[in-house]
*Asks:* 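Got a structure for you, questions after.
Positions are given from 1, in the same order as the sequence printed here. Keep in mind the model is a prediction, meaning the values are calculated, not measured.
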Amino acid sequence: MVSKRLMLTWCFFDFCLMAAGVTSLVFSVIWREPDLLLKLTFSTTDLTGGTVLGIMLLVTFALSLVLVAQRGKTPLVILNWILLVDGIAILLVGTYVWFYTLHERNNYHTVFGAQSNATKIDIQDTLKCCGYFNATDEVAFGGNFCPNQAAAMTANSVCVTPITQFADRTLNDVFSTIYGFMSTVIGLFLANMCVISKRQEAERFEKIDAKRGGQGFV
């Protein structure tokens with residue numbers, strides 16, 4: 001017989017899984033809204049990965065409620081296989097974001113260079129900088145801060161530092177949170193194993209009881 005304490009633990013991790021899915025999905029949607037620095041920091045691929053991960057975790061949560069209500073161990077074994085897939089997805093997404101932080105200055109040089117001149121001007125005006133590595137590197141003239149070459153040369157402020165500072169802080173928060181989802185998946189996996197063990201034990205005693213004619217133990 002599965003104890004109430006064990007089932008409460010299982011429910012706790014299951015609802016944590018739901019919260020992780022909601023967090024991933026909500027932020028992936030919110031960060032698609034127009035925001036100059038967020039759009040520079042996250043690509044469409046990044047946000048799509050977060051959306052897919054959130055949906056996977058929420059689907060797992062919904063399935064877990066159905067599977068735990070079934071008798072026997074097989075439904076919960078299936079759930080553990082699903083959790084294993086979730087864990088792999090979490091590692092892939094989290095590692096992808098973490099790996100991008102290892103070469104931020106060069107990575108965002110490419111991202112900054114790919115922006116339109118209008119976007120570069122908005123970034124330069126917002127961050128009060130001209131160019132990326134220097135005043136002639138990927139600079140776009142216009143706006144209030146870098147209207148021309150002379151202003152760019154005298155500005156004495158380049159965009160690499162404020163861009164990578166914002167990106168580094170944001171990306172570190174993101175991959176740390178994603179890796180944190182792993183603790184929820186592991187916790188539910190272990191709680192699920194305990195429930196499986198208890199159900200196996202109950203099934204074994206039921207078989208023994210049936211062989212004794214249903215009289216139970218003295």
Side-chain angles (χ1 to χ4, degrees), residues 1-33 38 41-102 167-210:
M1 188 71 179
V2 182
S3 67
K4 290 183 178 179
R5 180 176 297 181
L6 176 56
M7 287 309 303
L8 285 174
T9 301
W10 188 95
C11 290
F12 169 77
F13 283 112
D14 199 37
F15 279 98
C16 285
L17 186 72
M18 179 193 69
V22 170
T23 300
S24 181
L25 187 59
V26 167
F27 277 98
S28 295
V29 172
I30 290 176
W31 285 344
R32 292 181 187 272
E33 297 296 320
L38 284 176
T41 302
F42 296 109
S43 67
T44 302
T45 301
D46 298 330
L47 297 177
T48 300
T51 301
V52 171
L53 180 61
I55 292 173
M56 285 181 63
L57 297 180
L58 289 175
V59 169
T60 302
F61 167 74
L63 287 175
S64 70
L65 298 180
V66 175
L67 293 173
V68 77
Q70 307 300 313
R71 290 180 58 84
K73 67 175 184 178
T74 302
L76 296 183
V77 172
I78 294 172
L79 177 58
N80 269 354
W81 280 107
I82 297 173
L83 289 172
L84 182 61
V85 174
D86 289 341
I88 293 171
I90 288 170
L91 284 177
L92 289 176
V93 174
T95 302
Y96 175 81
V97 176
W98 167 77
F99 189 77
Y100 201 80
T101 65
L102 299 181
D168 184 68
R169 182 173 63 253
T170 305
L171 293 180
N172 281 337
D173 288 343
V174 168
F175 78 72
S176 297
T177 301
I178 292 174
Y179 281 145
F181 294 164
M182 184 61 75
S183 62
T184 297
V185 171
I186 292 173
L188 182 56
F189 184 93
L190 294 177
N192 210 42
M193 289 295 292
C194 292
V195 174
I196 291 172
S197 177
K198 288 296 183 180
R199 286 190 175 184
Q200 285 179 318
E201 184 179 302
E203 288 177 358
R204 186 164 59 250
F205 281 119
E206 286 177 1
K207 290 178 180 179
I208 293 173
D209 186 50

*Asks:* Report the C-alpha separation of Tyr96 and Thr45 in whole Å, then their side-chain angles, then the decisive distance to 0.1 Å, and conclude whether the side-chain hydrogen bond (donor to acceptor under 3.5 Å, both in side chains) test is met.
*Replies:* CA-CA 11 Å; Tyr96 175 81; Thr45 301; 5.6 Å; no
*Asks:* For the residue pair Met182 and Gly87, what are the closest heavy atoms and their distance?
*Replies:*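 Looking at all heavy atoms of both residues, the shortest contact is CE-O, 3.0 Å.
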*Asks:* What pair of heavy atoms forms the shortest contact from Arg71 to Arg199, and how long is it?
*Replies:*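 Distance-wise, the nearest heavy atoms are C-NH1, 4.2 Å.
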*Asks:* Hey, what do you get for OG1 (Thr184) to CD1 (Ile90), rounding to the nearest 0.5 Å?
*Replies:*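 Going from the OG1 atom of Thr184 to the CD1 atom of Ile90 covers 7.5 Å.
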*Asks:* Are Phe12 and Leu8 packed together at the side-chain level, in the sense that at least one heavy-atom pair is separated by less than 4.5 angstrom?
*Replies:*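 Answer no - side chains too far apart.
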*Asks:* Could you go through the side chain to side chain contact (heavy atoms under 4.5 Å, CB included) check for Val77 and Trp81 one step at a time?
*Replies:* CA-CA 7 Å; Val77 172; Trp81 280 107; 4.0 Å; yes
*Asks:* First locate atom OG of Ser24, then atom CZ of Phe27, and finally report the distance between them rounded to the nearest 0.5 Å.
*Replies:*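 Answer for the OG-CZ pair, Ser24 versus Phe27, is 10.0 Å.
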*Asks:* In the structure I gave you, are the side-chain heavy atoms of Leu65 and Asp14 within less than 4.5 Å of one another anywhere?
*Replies:*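 Leu65 reaches Asp14 side chain to side chain.
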*Asks:* Enter the distance from Ile82:CD1 to Leu188:CG here, rounded to the nearest 0.5 Å.
*Replies:*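 Result: 10.5 Å between the selected atoms.
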*Asks:* Between Thr177 (side chain only) and Asp173 (backbone N and O only), is there a donor and an acceptor less than 3.5 Å apart?
*Replies:*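 Side chain of Thr177 to backbone of Asp173: a pair is present.
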*Asks:* Does Leu171 form a side chain to side chain contact (heavy atoms under 4.5 Å, CB included) with Phe42? I'd like the steps, not just the answer.
*Replies:* CA-CA 9 Å; Leu171 293 180; Phe42 296 109; 3.6 Å; yes
*Asks:* Kindly indicate whether the side chain of Phe13, heavy atoms from C-beta on, has any atom under 4.5 Å from the side chain of Asn192.
*Replies:*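 Not in contact.
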*Asks:* Only counting residues at least two apart or in another chain, list the ones meeting ring pair (Phe, Tyr, Trp, His ring centres under 6.0 Å) with Phe189.
*Replies:*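 Result, ring pair (Phe, Tyr, Trp, His ring centres under 6.0 Å) vs Phe189: none returned.
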*Asks:* Less than 4.5 Å apart, side chain to side chain, heavy atoms only: is that true for Val85 and Met56?
*Replies:*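 Yes - at least one pair of side-chain heavy atoms lies under 4.5 Å apart.
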*Asks:* Between Leu6 and Cys194, what is the shortest heavy-atom contact and its length?
*Replies:*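 Leu6 and Cys194 have their closest heavy atoms at CD1-CB, 3.7 Å.
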*Asks:* Work out which heavy atom in Arg32 is nearest to a heavy atom in Ser28; give both atom names and the distance.
*Replies:*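 Smallest interatomic distance, heavy atoms only, reads CG-O, 3.2 Å.
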*Asks:* Ignoring hydrogens, what is the shortest heavy-atom contact between Thr95 and Tyr179? Give both atom names and the distance.
*Replies:*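 Scanning both residues completely, I find the closest heavy atoms to be OG1-OH, 2.8 Å.
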*Asks:* Quick one: does Thr51's side chain have a donor or acceptor within less than 3.5 Å of a partner on Leu25's backbone?
*Replies:*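 No: the side chain of Thr51 does not pair with the backbone of Leu25.
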*Asks:* Let me confirm one number: the CG-CG distance from Asp86 to Asn80, rounded to the nearest 0.5 Å.
*Replies:*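 One gets 11.0 Å once the value is rounded to the nearest 0.5 Å.
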*Asks:* Can you confirm whether or not the ring centre of Tyr100 sits under 6.0 Å from the ring centre of Phe175?
*Replies:*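 Tyr100 vs Phe175: aromatic centres not under 6.0 Å.
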*Asks:* A side-chain contact here means heavy atoms from C-beta on lying under 4.5 Å apart; do Met18 and Leu57 qualify?
*Replies:*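 The answer is no; the side chains never approach within 4.5 Å.
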*Asks:* Is any side-chain heavy atom of Val68 closer than 4.5 Å to a side-chain heavy atom of Met7?
*Replies:*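 A side-chain contact under 4.5 Å exists here.
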*Asks:* What distance separates Phe61 CZ from Leu58 CG, expressed to the nearest 0.5 Å?
*Replies:*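 Spacing of CZ (Phe61) from CG (Leu58) equals 8.5 Å.
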*Asks:* Could you please spell out the steps behind the side chain to side chain contact (heavy atoms under 4.5 Å, CB included) verdict for Ser64 and Trp10?
*Replies:* CA-CA 10 Å; Ser64 70; Trp10 188 95; 4.0 Å; yes
*Asks:* Measure the CD1-CG distance between Ile78 and Leu83 for me, rounded to the nearest 0.5 Å.
*Replies:*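 With rounding to 0.5 Å, CD1 (Ile78) is 12.0 Å from CG (Leu83).
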